[in-house]
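In this chain, numbering begins with 1 at the start of the sequence shown.
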Amino acid sequence: MLHLPGRPSAGRVLAVASLLPALAVAGWLLAGLPLLLAGHYTPLPAALLGLAATALLALPVLRGPGPPVEATARQAGAVFAVAAASGVFNALLHAEQLAVRRDPATYAQYAAWLAGHGSLPIEVRAEAFGGADPALAFDSVGFFPADGAVVPQFMPGAPLLFAAGDWLGAMSLTPAVLGALAVLTLAGVTARLAGARWAPLAALTFAVCLPVLYTSRTTFSEIPSMILLFGGLALLHDALARAARHGLPRRGEAAVAGLVFGLAVLVRVDGLRDVLPVLAFAGLLVALRRFARPEGAAGLPLLAGVVAGAGLGLFAGYVLSRPYLEYLSRSVRPLLLICAAVLVLTAVGTAAAPWLARARRPAWLPGAGAAVVVLVVAGLAVRPWLQTVRRTPVTEEDGRTARFIEEIQKANGLPPDGERLYFEQSLHWVAWYVGVPVLLLATLAAALLVRRLLDGRSFAWLAPLAVIGWTTVSTLLRPEITPDHPWAARRLVPVVIPGLVLLAVWGLARVLDRLPDRSGGGLDGRGRGRRWAAGVGAALVLVPPAVTSIGTAFTPVERGEAAAVAALCAHIPRDASVLIVERVTGDRFTQVVRGMCGVPAARVRHASGGDTAAEHDVRRLINRVRAAGRVPVVLAAEAAQVAPYGPPRQAMALVTRQDERSLTGPPDGTWSLRINVWMATG
């Protein structure tokens, strides 16, 4: 039976509450994916199955003795207050990115289609244009052509969540809710590994980091991914801690932890890289069974859960997002090979466990491991002086990225060089956002923990440190993202920033433990000197990221887009077929018109290097639309571009703010943004 005492302790409440976000996200994904594959992702079945799946996942987690978290009511209350304040703050300043310019609007249009239709692929209704035509293109930025239809870019996990918000009429607020849950999740992991005393500080530091604010205000996939990865760490910690404490094999809880980890692949294909250390850790647990360690019983269930969750993600990607995976094949195929290699090495290591256990550990190994951590961080720090990361454009997409980087460089007053990727500055990006004190404390903590682990201590930290260390180093070596900020900062959200904050507060606690208290309070942390030191340490952790965030934290971006899109849809007749004749407008609004206005839409192809379609093609397509019994509507960015086809009317005149695009420093403001759409009825 569930272990829910009449008046649970504050620690029990915090422990359970910090697990619920990951369980709820995983449960919703497990329910939503089969419905989507069946073409029936609708509110009532999704809600019923989502609640049932969440309850089934929670059953082995909440049954038995409570999670090992000791917290006071004040500490737990502070965590909940920080999480709630984060959610409210980001909800008030949420973005409205609907015109498809970058990934958030692609996610929003993906979610809007799921909310309205519950199935994929996206129908293009070619018959509304008189049938297929060489001059017609139904795909657009973020939406690939596939067998006479269109499929959206990206994995389906995050859109399944955002679509639920759309059903409630609040898709734009869903990221803020998920952001608050991410804050709570990190606080729960911190309470388990560093102590509940440090959970509020970790929660607040994470919440005020600019990349977290950025991804908690609009439809990104990084926050849901973070919830699953750190929720998986909390679940795994509890399963192993209870097994060690009570000698009880928590196979069900370990399986749930593995499943939660694996489902990160359903949210982001990069999740496959992030869970690789968990596969290796599962092999280690299997090996521990040979030595009668109670934690060993969790090995096979953990491995099965990870494989099942990741397998669901890859299957969904193959079925629903195959063009996207093919587009990423240069990255995905090597990653799959690495996964296979990790599985093989895990099997070999598990088989060789008895021999490895008998091998004598060199006395110098713990110190060498700690030194390696420091050297890796130092190497990343000096990398800008030793390397300039470049990429010679090979594909058409590479060429577009290079031209985009050149435009940003000109806006930043830098010499144009589209081949520069700025990846060598990745550790400096981290320092911008979390501050140098957090980076130094996290490095110290990682070095100390590696030393302890190699000395046979601090086993509870092995899986968290492996996930944080592996993902941080691999991300910083190759961020693989357009390097303007705050855009590139999103790469740091799922693991790097929360992981460094977690390590930093643990490191701060260790530093304070070693400080003598000359006020007579002893070494128990209650003396006046210790309190002053703790206050100074907390300020060093919290203030730098807060200062970096101030420049943009209070300025919402792309507001007014929802009203502007609604006005655009109101201008378009319900029996219209929309022909978009200008390149940028086609990129931004083809799926908007199709998905949010509910009207067939297509781009009219233009000559290479041009921005508008040939007039003779447009007139021919207008006649085909009329012959199909529909009203032809032409859209473009300027009045002159639609004037040949009828009296021009302005359907959208949006003036708003957009994110800054900074290459050599953290963003400290926003840029203006104007979006104009003109229409003519042919």
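Side-chain atoms of Arg626 and Asn623 form a donor-acceptor pair, as typed in the model, at a separation below 3.5 Å. Under the 3.5 Å distance criterion, with hydrogens and angles disregarded, no donor-acceptor pair is assigned to the side chains of Tyr41 and Ser119. Judged purely by distance below 3.5 Å, without hydrogens or angles, the side chains of His485 and Tyr433 pair a donor atom with an acceptor atom. There is no side-chain donor-acceptor pair under 3.5 Å between Thr215 and Arg490.
In plain terms, the two heavy atoms of Ala637 and Glu582 that are nearest each other are CB-OE1, 3.4 Å. Nearest approach of Ala628 to Gly130, heavy atoms of both residues: CB-N, 4.0 Å. When every heavy atom of Thr106 is checked against every heavy atom of Gly142, the shortest pair comes out as CG2-O, 3.6 Å. Across Phe129 and Ser577, no two heavy atoms sit closer than the pair CE2-CB, 3.8 Å. Heavy atoms only, all atoms of each residue included: Ala112 and Asp166 are closest at CA-OD2, 3.5 Å. Minimum interatomic distance between Met155 and Leu266 (heavy atoms only, all atoms of both residues): CB-O, 3.2 Å.
Put simply, the side chain of Leu476 reaches to within 4.5 Å of the side chain of Leu492, judged on heavy atoms. In this structure the side chain of Arg217 reaches within 4.5 angstrom of the side chain of Leu93, judged on heavy atoms. Contact check for Val267 versus Leu161: no side-chain heavy atoms found under the 4.5 Å cut-off. Using a 4.5 Å cut-off on side-chain heavy atoms (C-beta onward), Ile405 and Leu421 make contact. Residues Ser86 and Asn90 are in side-chain contact: their nearest non-hydrogen atoms beyond the backbone lie under 4.5 Å apart. Two residues are said to be in side-chain contact when any heavy atoms from C-beta on lie closer than 4.5 Å; Asp484 and Ser662 fail this criterion. A 4.5 Å side-chain heavy-atom check between Val631 and Thr681 finds at least one atom pair inside the cut-off. Put simply, the side chain of Thr401 reaches to within 4.5 Å of the side chain of Thr482, judged on heavy atoms.
Tyr107 and Phe154 have their aromatic ring centers within a separation under 6.0 angstrom. If you look at Phe220 and Tyr214, their ring centroids are closer than 6.0 Å.
Remark: the backbone N or O of Val389 is paired with a side-chain donor or acceptor of Glu424 at under 3.5 angstrom. Judged by distance alone, the side chain of Arg649 and the main-chain N or O of Met679 form no donor-acceptor pair under 3.5 Å. With hydrogens and angles disregarded, no donor-acceptor distance shorter than 3.5 Å links the side chain of Glu406 to the backbone of Pro416. Counting only distance, with no hydrogens or angles, the side chain of Arg603 and the backbone of Leu136 share no donor-acceptor pair below 3.5 Å. At least one donor-acceptor pair under 3.5 Å links the side chain of Glu660 to the backbone N or O of Gly669. Looking only at distances, a side-chain donor or acceptor of Arg322 sits under 3.5 Å from a matching main-chain atom of Tyr318. A donor-acceptor distance shorter than 3.5 angstrom exists from the side chain of Trp167 to the backbone of Ala115, with no hydrogens or angles considered. Between the side chain of Thr656 and the backbone N or O of Arg559, at least one donor-acceptor pair lies under 3.5 Å. Listed for the Ser140 side chain is no donor-acceptor partner under 3.5 Å among the backbone atoms of Phe143. Formation of a donor-acceptor pair under 3.5 Å by the Ser216 side chain with backbone atoms of Leu213 is not found in this model.
Separating the CH2 atom in Trp678 from the CD atom in Glu638 is a distance of 10.0 Å, to the nearest 0.5 Å. The distance from the CG atom of Leu654 to the CG atom of Leu568 is 11.0 Å, given to the nearest 0.5 Å. In this structure, CG on Leu325 lies 10.5 Å from CD on Gln153, to the nearest 0.5 angstrom. Within the model, atoms CG of Asp270 and CD1 of Ile481 stand 9.5 Å from one another, a figure rounded to the nearest 0.5 Å.
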Verify side-chain contact (heavy atoms from CB on, under 4.5 Å) between Leu37 and Leu320, making sure each step is shown before the conclusion.
CA-CA 8 Å; Leu37 292 171; Leu320 302 174; 4.0 Å; yes
With side chain to side chain donor-acceptor pair (under 3.5 Å) as the criterion, how do Arg383 and Gln425 come out once you've worked through the C-alpha distance, each side chain's angles and the decisive distance to 0.1 Å?
CA-CA 7 Å; Arg383 189 180 176 198; Gln425 299 181 5; over 6 Å; no
Under the side-chain contact (heavy atoms from CB on, under 4.5 Å) criterion, do Asn676 and Thr585 qualify, and how do the steps go?
CA-CA 9 Å; Asn676 294 311; Thr585 306; over 6 Å; no
Does the side-chain contact (heavy atoms from CB on, under 4.5 Å) test come out yes or no for Phe138 and Ile122, once each step is laid out?
CA-CA 10 Å; Phe138 296 101; Ile122 296 171; over 6 Å; no
Steps toward side-chain contact (heavy atoms from CB on, under 4.5 Å) verdict (Val495, Leu229)
CA-CA 8 Å; Val495 174; Leu229 292 170; 3.6 Å; yes
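Applying side-chain contact (heavy atoms from CB on, under 4.5 Å) to Leu49 and the options Leu44, Leu30, Leu35 leaves one that passes, Leu35. Paired with Thr670 under the rule side-chain hydrogen bond (donor to acceptor under 3.5 Å, both in side chains), one option of Gln658, Arg657, Glu558 passes, and it is Arg657.
In this structure, Arg102 is positioned above the aromatic face of Trp487, its NZ or CZ under 6.0 Å from the six-membered ring centre and within 45° of the axis.
A salt bridge links Arg478 with Glu480; the closest basic N to acidic carboxylate O contact falls under 4.0 Å. Salt-bridge annotation for Asp417 and Arg420: absent, with no side-chain N of the basic residue lying under 4.0 Å from a carboxylate O of the acidic one. Between Glu407 and Arg403 there is no salt bridge, since no side-chain N of the basic residue sits under 4.0 Å from a carboxylate O of the acidic one. With salt bridges taken as basic N to acidic carboxylate O contacts below 4.0 Å, one links Glu222 and Arg268. Ion pairing between a basic and an acidic side chain is recognised when a charged N comes within 4.0 Å of a carboxylate O; Glu419 and Arg391 show no such pairing. For the pair Asp133 and Arg620, the salt-bridge criterion is met [side-chain N within less than 4.0 Å of a carboxylate O]. One finds no salt bridge joining Asp575 and Arg630 here, because no Lys/Arg side-chain nitrogen approaches an Asp/Glu carboxylate oxygen to under 4.0 Å.
Ring planes of Phe89 and Phe554: perpendicular class, angle over 60° (limits at 30 and 60°). A tilted orientation is assigned to the rings of Trp429 and Trp432, their planes being inclined by 30° to 60°.
More than 12 heavy atoms of other residues, nucleotides or ligands lie within 6.0 Å of CZ in Phe144, so this atom counts as buried by the packing criterion.
Under the side-chain contact (heavy atoms from CB on, under 4.5 Å) criterion, Ala99 pairs with Glu561, Arg588, Phe589, Ile675, not counting sequence neighbours.
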